[in-house]
Q: 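First the structure, which I've put down as structure tokens, then a few questions once you've had a look.
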2 protein chains.
Amino acid sequence: MSKPVAPTTPVVRAPVDLDGFAAIVGARNVITAAADMEPFLREARDLYRGVARAVVKPGSTGEVAAVVRHARALGLAVVPQGGNTGLVGGQIPGAESDAIVLSLARMDRVREIDPLTDTMTVEAGMTLLKAQELAEQADRLFPLSLASEGSCTIGGNIATNAGGTAVLAYGNTRDLVLGLEVVLADGRVWNGLNKLRKDNTGYDLKDLFVGSEGTLGVVTAAVLKLFPRPRSRATAFCAVASPEAALALLMLAKKQAGSALTTFELVPRIGVEFVTRHIPGARDPLSDVSPWYVLLELSSPAESGLDEMLEALLGEAIEQGVVADAAIAASLDQRHAFWTLREALSEVQKLEGGSIKHDVSVPVALVPQFLEEAVACVSGMVPGCRPVPFGHMGDGNIHFNVSQPEGADRDAFLGLWDAMNEKVHAIVTRLGGSISAEHGVGRLKRDLLPAVKDPVALDLMRAIKRAIDPEGLLNPGAVL
Amino acid sequence: MSKPVAPTTPVVRAPVDLDGFAAIVGARNVITAAADMEPFLREARDLYRGVARAVVKPGSTGEVAAVVRHARALGLAVVPQGGNTGLVGGQIPGAESDAIVLSLARMDRVREIDPLTDTMTVEAGMTLLKAQELAEQADRLFPLSLASEGSCTIGGNIATNAGGTAVLAYGNTRDLVLGLEVVLADGRVWNGLNKLRKDNTGYDLKDLFVGSEGTLGVVTAAVLKLFPRPRSRATAFCAVASPEAALALLMLAKKQAGSALTTFELVPRIGVEFVTRHIPGARDPLSDVSPWYVLLELSSPAESGLDEMLEALLGEAIEQGVVADAAIAASLDQRHAFWTLREALSEVQKLEGGSIKHDVSVPVALVPQFLEEAVACVSGMVPGCRPVPFGHMGDGNIHFNVSQPEGADRDAFLGLWDAMNEKVHAIVTRLGGSISAEHGVGRLKRDLLPAVKDPVALDLMRAIKRAIDPEGLLNPGAVL
């Protein structure tokens with residue numbers, strides 16, 4: 001369903017003392033058999049097959065530190081891994097390095113919930129879903145939400161600065177983290193489990209580790225921000241004539257609803273067709289066909305008032321000609337049905353053949369221009385291809401996925417992956433955008449960075465890497 | 001009114017070629033006469049008197065880069081300065097270094113306003129007030145707000161990660177900045193004027209420079225986030241029996257009002273007395289005396305609905321016994337009168353004699369415990385002293401200011417500054433707090449860091465400083 005796997009070159013390496021790891025974490029937590037390591041060395045899209053000496057599963061921060069020190073003594077690189085759901089190969093050791101996978105899976109405990117401070121301190125291996133549930137039990141919201149939330153982990157979310165569907169209102173993962181505990185490449189532990197909303201005593205180390213994809217340190221625990229739980233929601237599925245109209249609707253919604261606007265997702269007509277074709281029971285809630293749609297949701301801790309706000313907003317939008325038609329969810333079932341039209345988009349694309357993906361962002365105002373140029377570009381490249389651009393318009397983040405022409409040869413189409421990426425990324429870069437809006441760099445996009453990134457920024461990144469991990473022990477081959 | 005000035009040791013230095021600066025910025029923008037330099041070498045509290053070869057005022061990013069290169073060639077340190085309103089001496093060159101002051105004052109232009117992307121790109125020397133006004137002209141809000149906003153600059157706000165009165169709803173300065181342009185110590189320019197809400201292509205350099213107090217680079221321009229303008233506000237001045245009751249009110253307000261809660265400021269009785277004593281026309285809006293008060297404000301982009309929300313909230317709070325009494329502002333004049341009871345607190349303390357200050361934060365849940373311990377501590381140290389703790393309770397950030405006993409000797413009292421700081425900071429540190437919540441480290445608190453900061457964090461900060469400014473050219477003596 002995606003880009004073909006690069007063949008892995010077999011490497012023969014001299015044996016090293018792996019028993020030392022067992023002495024730290026227990027023999028049952030050191031995996032060396034190829035078949036047992038496989039779930040840790042392959043990832044969901046099968047873009048990468050990793051090579052490792054062992055998968056080591058420490059159960060505490062002290063054990064993580066000891067494992068890192070032992071790996072360093074052996075000259076082995078350390079590739080931290082959470083739920084192994086990353087989409088850019090950052091969690092899979094490359095064949096070029098002699099490495100262990102350090103799985104945080106056993107470190108899944110909650111250390112503290114402090115509802116008065118609105119914080120929760122959890123270990124890195126906790127799944128995002130579990131963190132969401134813990135927050136809910138404390139009558140709070142942990143707003144990070146993404147497709148893989150059942151299996152991805154907080155540590156991985158932090159390492160990749162995960163985005164998701166709630167960024168418009170609550171920000172990216174970095175905005176949801178107050179403090180970190182990190183094991184450094186030399187085995188020392190930085191205790192930065194800060195619960196403070198304000199602390200100006202020096203450089204912002206927290207944000208340096210967030211999004212560094214395991215190349216600067218191993219995140220072992222974090223203080224997460226909690227929010228009041230929304231007590232009401234109002235959801236609409238809106239037909240708009242164009243991305244320009246969607247942008248006008250976004251401006252109107254921000255102006256009228258402010259921070260109550262928590263979702264603003266763009267969906268193209270072809271996306272609705274794919275979903276209604278493949279998902280049993282899914283249907284288009286609007287009677288007329290529209291080239292574009294917006295899934296718009298307001299939420300509020302207040303018990304009431306949102307329905308009126310949404311009706312006033314849509315009334316104004318229709319009066320201004322910004323929205324052609326809209327359906328308002330009258331029940332929880334209807335709300336789920338609207339969300340399915342957005343959330344099933346990745347899944348249904350797999351059923352329509354090969355798909356070439358781009359996780360990109362541009363300044364919000366330039367989303368319409370980007371879509372126009374990118375659709376023209378890929379249509380010129382592959383006549384009959386079916387662009388399915390969708391996603392977080394409120395953040396300027398479009399998943400610009402392109403499905404193969406109907407009936408075309410899948411592998412031949414996917415063979416154009418790099419060439420199409422190059423052209424689309426050129427448009428993104430010209431518009432001041434990012435070629436990795438929310439998935440990170442990992443191994444997939446590392447070699448693309450020099451072409452799109454400010455050279456001074458790359459130099460600064462390299463200088464920081466050298467300063468913090470001078471031996472290049474942590475996740476070599478990722479990001480830089 | 002404050003801690004006495006440390007005497008400056010006169011230093012005789014060999015002459016250097018200052019004409020090179022004039023060749024870059026023009027002779028009129030190089031100040032060398034002692035009297036003309038004085039406004040740049042003293043700060044508001046008169047805690048520091050600086051020593052510099054010259055004050056150099058570049059007019060463009062290219063000129064900043066050239067000035068930094070020339071200073072480096074001469075072996076002169078560079079101390080960046082904005083509005084010279086910093087409270088910890090970070091903008092004043094110490095006598096120990098051979099330095100120039102690099103004033104960003106001439107770089108005060110707006111480069112772009114992009115209301116569709118909700119961003120504004122401005123130069124570092126623009127005053128905060130001007131930035132607020134520009135946003136308003138574009139029908140947007142730039143929410144950063146603090147006492148010195150008429151003269152402090154965006155560059156200084158960024159260098160110190162300024163806080164202020166809107167942090168509860170909108171975050172600190174770092175949360176309000178999307179991108180930066182920075183001149184590095186070697187004179188290269190990092191163009192990071194990113195307008196993106198999502199960009200995961202590498203380490204978060206932006207947040208490394210925000211709050212680094214001019215020690216890692218010279219911020220020359222920034223992309224600021226804009227927000228919808230509030231169209232309604234509802235403001236209450238509430239009597240609460242204790243900090244615990246204030247905390248309970250905070251929980252209730254968050255739960256019921258969510259992100260509409262934009263202000264939650266704690267004011268002690270003595271603060272109200274000071275303001276009503278010294279500010280003409282100021283009065284206590286409540287009939288009964290209360291030991292503590294909360295200034296609470298809701299705001300929303302919606303035209304209506306807030307008054308009802310505030311009334312419901314206060315009704316519930318009174319029913320629960322959390323609030324003893326409350327006044328709701330019925331007019332803009334009343335709103336300003338309520339705010340005066342909070343905003344005049346710093347000013348009126350000056351009229352009550354010497355005041356020893358602490359800009360500290362603790363986890364929100366621990367504010368009551370901190371206040372109890374800190375008040376007992378300073379009262380034990382100086383019987384009759386008058387603690388006036390006030391500020392941003394919603395962020396856990398208390399300005400723990402202590403006024404001298406009535407009729408006591410001012411200088412003798414202020415002589416206890418360091419001793420009192422030490423005791424109060426020990427409480428703060430034990431409670432997991434910060435000894436500089438929003439003012440930064442500068443020169444004032446540099447030597448306090450080793451006692452309160454995780455040693456691994458300090459090592460990481462030093463490693464980063466060496467990596468980015470290996471010669472120690474930028475603002476030596478500040479922070480580290």
Side-chain angles (χ1 to χ4, degrees), chain A residues 114 116-117 160-161 163 167 172 188 190-192 195-205 207-208 211-212 228 247 251 254-256 258-259 300-302 305 309 361 363-365 395-397 432-441 449 453-454 456-457 460-461 463-464 466-468 479, chain B residues 114 116-117 160-161 163 167 172 188 190-192 195-205 207-208 210-212 228 247 251 254-256 258-259 300-302 305 309 361 363-365 395-397 432-441 449 453-454 456-457 460-461 463-464 467-468 479:
Chain A
D114 182 348
L116 292 179
T117 304
T160 58
N161 184 31
V167 174
N172 295 289
R188 288 187 304 167
W190 170 48
N191 179 357
K195 292 164 69 177
L196 305 172
R197 305 276 157 168
K198 283 180 165 179
D199 175 22
N200 277 346
T201 57
Y203 304 157
D204 179 12
L205 300 174
D207 281 305
L208 191 57
S212 66
L247 186 61
M251 293 303 112
K254 282 183 174 180
K255 180 169 174 170
Q256 295 203 2
S259 54
S300 161
M309 187 184 267
S361 68
V364 175
D395 316 315
N397 175 200
S434 168
I435 66 161
S436 182
E438 57 176 12
H439 297 163
V441 177
L449 281 198
K453 196 92 179 164
D454 182 82
V456 177
L460 284 168
M461 285 168 56
I464 291 164
R466 276 194 305 270
I468 297 185
V479 185
Chain B
D114 181 348
L116 292 179
T117 304
T160 58
N161 184 31
V167 174
N172 295 290
R188 287 187 303 167
W190 170 47
N191 179 358
K195 292 163 70 176
L196 305 173
R197 305 276 157 168
K198 282 180 165 179
D199 175 23
N200 277 347
T201 58
Y203 304 157
D204 179 12
L205 301 173
D207 280 306
L208 191 57
V210 176
S212 66
L247 185 60
M251 293 304 111
K254 280 184 175 180
K255 180 169 173 170
Q256 295 203 3
S259 56
S300 161
M309 186 185 270
S361 67
V364 174
D395 317 314
N397 175 201
S434 168
I435 67 162
S436 182
E438 58 176 12
H439 297 162
V441 176
L449 281 198
K453 196 93 181 165
D454 182 82
V456 177
L460 284 169
M461 285 168 55
I464 291 165
I468 297 186
V479 185

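What you are looking at is a predicted structure, and each value in this text was computed from that prediction instead of being measured. Throughout, a chain's letter reflects where its sequence line sits, starting with A, and its residues are numbered from 1.
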Q: For Leu196(B), does its backbone N or O pair with a side-chain atom of Asn397(A) as donor and acceptor, under 3.5 Å?
A: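 Side chain of Asn397(A) to backbone of Leu196(B): no pair is present.
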
Q: Need one label for Asn191(A): side chain, backbone, both or neither, based on atoms under 4.5 Å from any heavy atom in chain B.
A: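 Both the backbone and the side chain of Asn191(A) come within 4.5 Å of chain B.
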
Q: Examine whether an atom of Glu438(A) lies under 4.5 Å from a heavy atom of chain B, and if so say whether it belongs to the side chain, the backbone or both; otherwise answer neither.
A: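 Interface part for Glu438(A): both.
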
Q: In terms of heavy-atom proximity below 4.5 Å to chain B, should Val167(A) be classed as side chain, backbone, both, or neither?
A: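 Only the side chain of Val167(A) comes within 4.5 Å of chain B.
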
Q: Which residue, Asp207(A), Ile464(A), Asp204(A), forms the side chain to side chain contact (heavy atoms under 4.5 Å, CB included) with Leu208(B)?
A: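 Filter result, single survivor: Ile464(A).
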
Q: Chain B heavy atoms under 4.5 Å from Met461(A): which part of the residue, side chain, backbone, both or neither?
A: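 Looking at Met461(A), backbone and side chain both touch chain B.
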
Q: Minimum heavy-atom separation for Ser259(B) to Ser259(A), with atom names?
A: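 Heavy atoms of Ser259(B) and Ser259(A) come nearest at OG-OG, 2.7 Å.
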
Q: Between Thr117(B) and Ala365(A) (side chain of the first, backbone of the second, donor and acceptor by atom type, cut-off under 3.5 Å), is there such a pair?
A: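 Yes; at least one donor-acceptor contact below 3.5 Å.
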
Q: Which bit of Lys453(A) is near chain B, if near means a heavy-atom gap under 4.5 Å: side chain, backbone, both or neither?
A: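 It is the side chain, since no backbone atom gets that close.
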
Q: Using the rule given for side chain to side chain donor-acceptor pair (under 3.5 Å), can you reason through Asn161(A) versus Asn200(B), listing the C-alpha separation, both sets of side-chain angles and the distance that settles it, and then say yes or no?
A: CA-CA 7 Å; Asn161(A) 184 31; Asn200(B) 277 347; 2.9 Å; yes

Q: Rounded to the nearest 0.5 Å, how far apart are CG of Asp454(A) and CZ of Arg188(B)?
A: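 Between Asp454(A) CG and Arg188(B) CZ, I get 9.0 Å after rounding to 0.5 Å.
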
Q: For the pair Lys198(A) (side chain) and Gly163(B) (backbone), establish whether a donor and an acceptor sit closer than 3.5 Å, ignoring hydrogens and angles.
A: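 Checked: no pair found.
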
Q: Is Ile435(A) in contact with chain B via its backbone, its side chain, both, or neither, using a 4.5 Å heavy-atom distance?
A: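 Both parts, heavy atoms under 4.5 Å.
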
